[in-house]
Protein chains: 4
Amino acid sequence: MFFHIDTKSNAPLYEQIIQQVKEMCAKGLLTPDERLPSVRELSSHMVINPNTVSKAYQELERQGIIVTVRGRGTFISKKTDRTSDPGRLKAIRESLKEAVIENYYAGYSKKELIKLLEEVYEEMEGKTDEN
Amino acid sequence: MFFHIDTKSNAPLYEQIIQQVKEMCAKGLLTPDERLPSVRELSSHMVINPNTVSKAYQELERQGIIVTVRGRGTFISKKTDRTSDPGRLKAIRESLKEAVIENYYAGYSKKELIKLLEEVYEEMEGKTDEN
Amino acid sequence: MFFHIDTKSNAPLYEQIIQQVKEMCAKGLLTPDERLPSVRELSSHMVINPNTVSKAYQELERQGIIVTVRGRGTFISKKTDRTSDPGRLKAIRESLKEAVIENYYAGYSKKELIKLLEEVYEEMEGKTDEN
Amino acid sequence: MFFHIDTKSNAPLYEQIIQQVKEMCAKGLLTPDERLPSVRELSSHMVINPNTVSKAYQELERQGIIVTVRGRGTFISKKTDRTSDPGRLKAIRESLKEAVIENYYAGYSKKELIKLLEEVYEEMEGKTDEN
DNA sequence: GTGGTCTAGACCACC
DNA sequence: GTGGTCTAGACCACA
């Protein structure tokens with residue numbers, strides 16, 4: 001598959017996988033019911049330890065992003081199946097807060113930061129609902 | 001002093017200190033030339049090891065947020081002394097990207113996300129210039 | 001490995017390690033992608049504390065000289081991955097200035113000093129490009 | 001007097017004083033038999049601790065750069081009075097070696113480095129013997 | 001008093 | 001196995 005890992009990053013490999021699956025979902029590159037490569041496929045393809053992939057899948061399943069069907073494989077969840085995690089809002093705020101703090105040191109204005117957010121948003125969106 | 005550590009967080013203690021110092025600077029609660037508590041003061045107050053505080057201070061100095069003056073203590077840097085790190089912009093984008101992805105799963109609209117950013121921004125700012 | 005520490009030197013141990021790694025890179029004794037001894041290996045071999053080695057490695061990573069890959073070890077960076085630090089030039093001038101001042105007291109001429117620089121330069125270089 | 005200290009530098013204050021006295025001698029701004037300000041004068045003028053100045057003067061005397069005459073003050077030594085320290089050559093080589101290593105990472109050529117040395121040399125020299 | 005360095009030894013996350 | 005974090009406690013240089 002199509003993940004790129006950055007060994008120099010300080011983010012653990014399994015986190016990078018998680019992040020990229022989520023990103024591809026958000027971008028519409030992975031759609032509900034689509035099948036993900038098996039742990040073995042992915043691990044051999046990416047030349048990393050199967051345990052690492054397995055850990056990423058487990059965490060993705062815990063977050064309700066994917067489901068594994070025994071003997072059939074792992075699939076992207078339907079939107080309706082997703083647990084609406086109340087912690088999600090807190091996570092968003094946390095990320096935004098970090099951005100605002102870094103923005104303070106970068107010296108950009110509020111308008112510029114918002115513009116940046118819109119840019120990032122547009123880069124991301126595939127067929128996500130427009131509004 | 002005024003730091004609180006979250007033992008449940010997976011972020012290391014020294015990172016939490018770094019983050020909070022930066023946050024307080026951004027909020028205007030710490031102003032240039034203001035003196036931070038000494039390593040010993042802070043460590044005993046927070047009931048953590050002096051080395052941990054020291055590590056946080058050293059990293060903050062590396063980022064140009066604070067300066068340590070031998071034998072006198074550590075102080076918030078002047079704005080002009082800050083090194084304008086070009087990696088800062090990348091860090092902002094990264095944080096925003098995370099927010100956008102989480103936002104996708106939370107199901108909010110783009111407008112709502114921007115509104116959230118503005119909220120977070122306003123919570124943060126003290127008397128920093130408005131724009 | 002191949003490091004020697006000078007207990008009489010007033011330079012901290014971790015600085016001595018840093019300096020020697022950089023020197024060996026410059027000499028071509030350490031080449032890109034080459035693996036450095038693990039923290040434990042090196043610390044037990046040099047009979048110093050693992051933390052001290054770790055600190056040296058972390059600083060080297062900050063300078064872009066080495067990269068650490070989680071769970072696999074630390075490696076010499078590729079030349080292309082090095083961050084071109086603008087402060088580097090200032091550091092060179094600083095070292096040269098010190099040399100010139102000491103040279104004044106030693107009573108050598110300018111020509112002799114330049115000759116000395118060339119000597120040191122040649123001792124250093126292995127098969128690095130000649131110019 | 002005319003020293004500028006950099007509190008942000010990691011070099012200790014007394015080292016900075018030593019360095020500047022030596023630099024001014026090399027530049028010819030301080031000449032043999034010239035009187036230096038007293039410890040008290042200098043310390044009050046620079047707003048630093050007298051002990052710090054005192055330590056600097058002691059080290060300068062140990063190196064034979066200055067002499068103190070009880071009750072009369074401290075003076076720059078005559079050239080002939082200087083002890084020709086055999087360790088001086090080693091110190092020069094050490095400084096040059098550092099420069100060469102940093103030069104390697106900066107990516108300059110040998111010629112450029114030599115040119116830089118000449119620049120630094122010329123900035124320095126006042127009426128030092130030309131050759 | 002301040003911060004910086006080093007040691008010894010523990011625990012953890014990651015691979 | 002790897003490096004990263006944290007603690008406890010010591011010693012030192014500097015101001």
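For A:N49, taking side-chain heavy atoms from C-beta onward, the closest of the listed nucleotides E:dC15, F:dG3, F:dC6 is E:dC15. Nearest nucleotide to the side chain of B:R70, out of F:dA15, F:dG3, F:dC6: F:dA15. Closest to the side chain of C:L13, from the set E:dG3, F:dG3, E:dC6, is E:dC6. Comparing F:dG4, F:dA15, E:dT5 by their closest approach to the side chain of C:S54 singles out F:dG4.
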Exercise. Using the salt bridge (charged side-chain N to carboxylate O under 4.0 Å, His left out) rule, take A:E23 and A:K27 through it: C-alpha gap first, then chi angles, then the decisive distance, then the call.
Key: CA-CA 6 Å; A:E23 185 177 334; A:K27 282 182 174 169; 3.0 Å; yes
Exercise. Step by step, work out the side chain to side chain donor-acceptor pair (under 3.5 Å) result for D:E98 and D:S95.
Key: CA-CA 5 Å; D:E98 271 179 45; D:S95 294; 5.9 Å; no
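Under the Watson-Crick or G-U wobble criterion, with both distances below 3.5 Å, F:dC14 is paired with E:dG1.
Checking the phosphate oxygens (OP1, OP2) of F:dT5, no side-chain nitrogen or oxygen of B:T52 falls inside 4.0 Å. Phosphate proximity of E:dG4 to B:Q58: present, with a side-chain N or O under 4.0 Å from OP1 or OP2. Contact annotation: A:Y14 reaches the phosphate of E:dC14 (side-chain N/O to OP1 or OP2, under 4.0 Å). Proximity of B:T68 to the phosphate of E:dT2: no side-chain N or O atom is located under 4.0 Å from OP1 or OP2. The side chain of C:Y57 contributes no N or O atom lying less than 4.0 Å from OP1 or OP2 of F:dG3. Side-chain nitrogen and oxygen atoms of B:K55 include at least one within less than 4.0 Å of the OP1 or OP2 phosphate oxygen of F:dT5.
DNA chain E is contacted by both B:V39 and C:R40; B:V39 maps to the nucleotide lying nearer its 5′ end (nearest heavy atom per residue). Nucleotides of DNA chain F nearest to C:S38 and B:E15 differ in position, and the one nearer the 5' end is that of C:S38. Toward the 5' end of DNA chain F, the nearer of the two residues B:P12 and B:R72, judged by each one's closest nucleotide, is B:P12.
Put simply, CG on B:L36 is 19 Å from P on E:dG1, counting in whole angstrom units.
The backbone N or O of D:I65 sits less than 3.5 Å from a side-chain atom of D:S77, completing a donor-acceptor pair. Judged purely by atom type and a 3.5 angstrom limit, B:E15 has no side-chain atom pairing as donor or acceptor with the backbone of B:P12.
Nucleic acid contact class of A:I48 (heavy atoms, under 4.0 Å, all strands): none. B:N10 comes within contact range of no nucleotide atom at all, as no heavy-atom separation falls under 4.0 Å.
With a 6.0 Å radius and a threshold of 12 heavy atoms from other residues, nucleotides or ligands, A:R93 has its CZ atom above the threshold.
Interface remark: the B:N51 side chain does not form any donor-acceptor pair with the E:dG3 base, using a distance-only criterion of under 3.5 Å.
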